[in-house]
Number of protein chains: 2
Amino acid sequence: MNESQVIKALSALAQETRLQIIRYLVACGKDGAAAGTIGEEVNSSASRLSFHLNILENAGLVTSKRVSRRIFYSASYEQMGGMIGYLLEDCCGNHPEVTSCCMPGTSNIS
Amino acid sequence: MNESQVIKALSALAQETRLQIIRYLVACGKDGAAAGTIGEEVNSSASRLSFHLNILENAGLVTSKRVSRRIFYSASYEQMGGMIGYLLEDCCGNHPEVTSCCMPGTSNIS
DNA sequence: TCAATATTTCAAGAGTTATTGAATTATGAA
DNA sequence: TTCATAATTCAATAACTCTTGAAATATTGA
């Protein structure tokens, strides 16, 4: 994951509705939830929801899959983990106080 | 750390210059670096740098301290850790594959 | 086929963010 | 005090983001 991908992911998460969506989808597990369900959960109109889901998908943070009339969205655990890993990268090793959340062996000492 | 603080921190990081600044400061350790030094590091004019440092400081991600003519900026490891913790919150427990970076015991199972 | 449901796309407008260069403030040295 | 250095503030502009409601597309069931 490179700098511009990380910026895209951070930008995507740095918005109230989208942060709520991601947290909801992460909690939903790998099957995710249909757009309509997510819209109810985060109190968003259809077009507004679609706009935000599109940004999350574009950032690689969610994936979608049509099932009959519905489109199910789910969190990309891989991308979430990748972004977090990038953020932790320079903390580990040098500054263990920041990265008490890092597993031994995961740190990328630069 | 609440939702709006996290959004502020994510927004602050979701910009090329500021992401570079934070990564540089994290690497600098707790004494940080003077504004001028940071500006050279990230190829930024003084006013542009000041604008971005102000946003990072406002988000609580850096702190500043004047030493004679210079102002030293350093990363706030506490705020970085807090933001990362919030992002990992709902991943842990439910979805261990996302949080291979989490230390056992750090997870906030909701 | 026609109507209903689920979702996306589009265009307009309001608000926010980033960049630039010039002016300003603060500090220290000659 | 005067000059130089270090950094911030300001105003203008350009670019981007979010919201809204209306229209369009896709799918299914009667």
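Throughout, a chain's letter reflects where its sequence line sits, starting with A, and its residues are numbered from 1.
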Worksheet item: Starting at CD of B/E57 and ending at P of D/dT8, how long is that distance when rounded to a whole Å?
Response: 9 Å

Discussion item. Under 4.0 Å from OP1 or OP2 of D/dA26: is there any side-chain N or O of A/R70 that close?
Written reply: no

Item to complete: Write down the distance between CD1 (B/I7) and P (D/dC18), rounded to a whole number of angstrom.
Response: 11 Å

Discussion item. What is the distance, to the nearest angstrom, from the CG atom on A/L53 to the C1' atom on D/dC18?
Written reply: 15 Å

Worksheet item: Can you check whether A/L25's main-chain N or O pairs, donor with acceptor, with A/R23's side chain at less than 3.5 Å?
Response: no

Discussion item. For a quick check of understanding: with a heavy-atom distance under 4.0 Å over all strands, which category does B/A46 fall into, base, sugar-phosphate or nothing?
Written reply: base

Practice prompt. Using a heavy-atom cut-off of under 4.0 Å over every strand shown, decide if B/S47 touches base, sugar-phosphate, or nothing.
Written response: base

Fill in: Donor-acceptor pair, side chain of A/R66 and main chain of A/S68, under 3.5 angstrom
yes

Worksheet item: For B/S68 and C/dG28, is the shortest distance between a side-chain N/O and OP1 or OP2 below 4.0 Å?
Response: yes

Discussion item. Using only atom types and a distance under 3.5 Å, with no angle test, would you say the side chain of B/Q5 pairs donor to acceptor with the backbone of B/N2?
Written reply: yes

Practice prompt. Please tell me which of B/I71 and A/S45 maps to the more 5' nucleotide of DNA chain D, matching each residue to the nucleotide holding its nearest heavy atom.
Written response: B/I71

Worksheet item: Looking only at atom types and distance, does a side-chain atom of B/S11 sit under 3.5 Å from a main-chain N or O of B/I7, one as donor and one as acceptor?
Response: yes

Worksheet item: OP1, OP2 of C/dA6 versus side-chain N and O of A/R66: anything below 4.0 Å?
Response: no

Worksheet item: Starting at CG of A/N54 and ending at P of C/dA6, how long is that distance when rounded to a whole Å?
Response: 21 Å

Practice prompt. Indicate, with a heavy-atom threshold strictly under 4.0 Å, whether B/S50 touches base, sugar-phosphate, or nothing.
Written response: base

Discussion item. Is any side-chain heavy atom of B/L10 closer than 4.5 Å to one of B/Y86?
Written reply: no

Discussion item. If the cut-off is 4.0 Å, is B/Y73 near the phosphate of D/dT8, judged by side-chain N/O to OP1 or OP2?
Written reply: yes

Worksheet entry | Separation of C/dA18 C1' from B/Q20 CD (nearest whole Å) | 15 Å

Fill in: Protein-nucleotide distance (B/F51, atom CZ; D/dA12, atom P), rounded to Å
17 Å

Worksheet item: Do any side-chain nitrogens or oxygens of A/R69 fall under 4.0 Å of OP1 or OP2 in C/dT5?
Response: no

Worksheet entry | OP1 or OP2 of D/dT19 under 4.0 Å from side-chain N/O of A/H52 | yes

Worksheet item: Rounded to whole angstrom units, what separation is found between the CG atom of A/L56 and the P atom of D/dC18?
Response: 10 Å

Worksheet item: Rounded to the Å, how far apart are B/K8 NZ and C/dT16 P?
Response: 14 Å

Worksheet item: What is the nucleic acid contact for A/I55, judged by heavy atoms within less than 4.0 Å: base, sugar-phosphate only, or nothing?
Response: sugar-phosphate

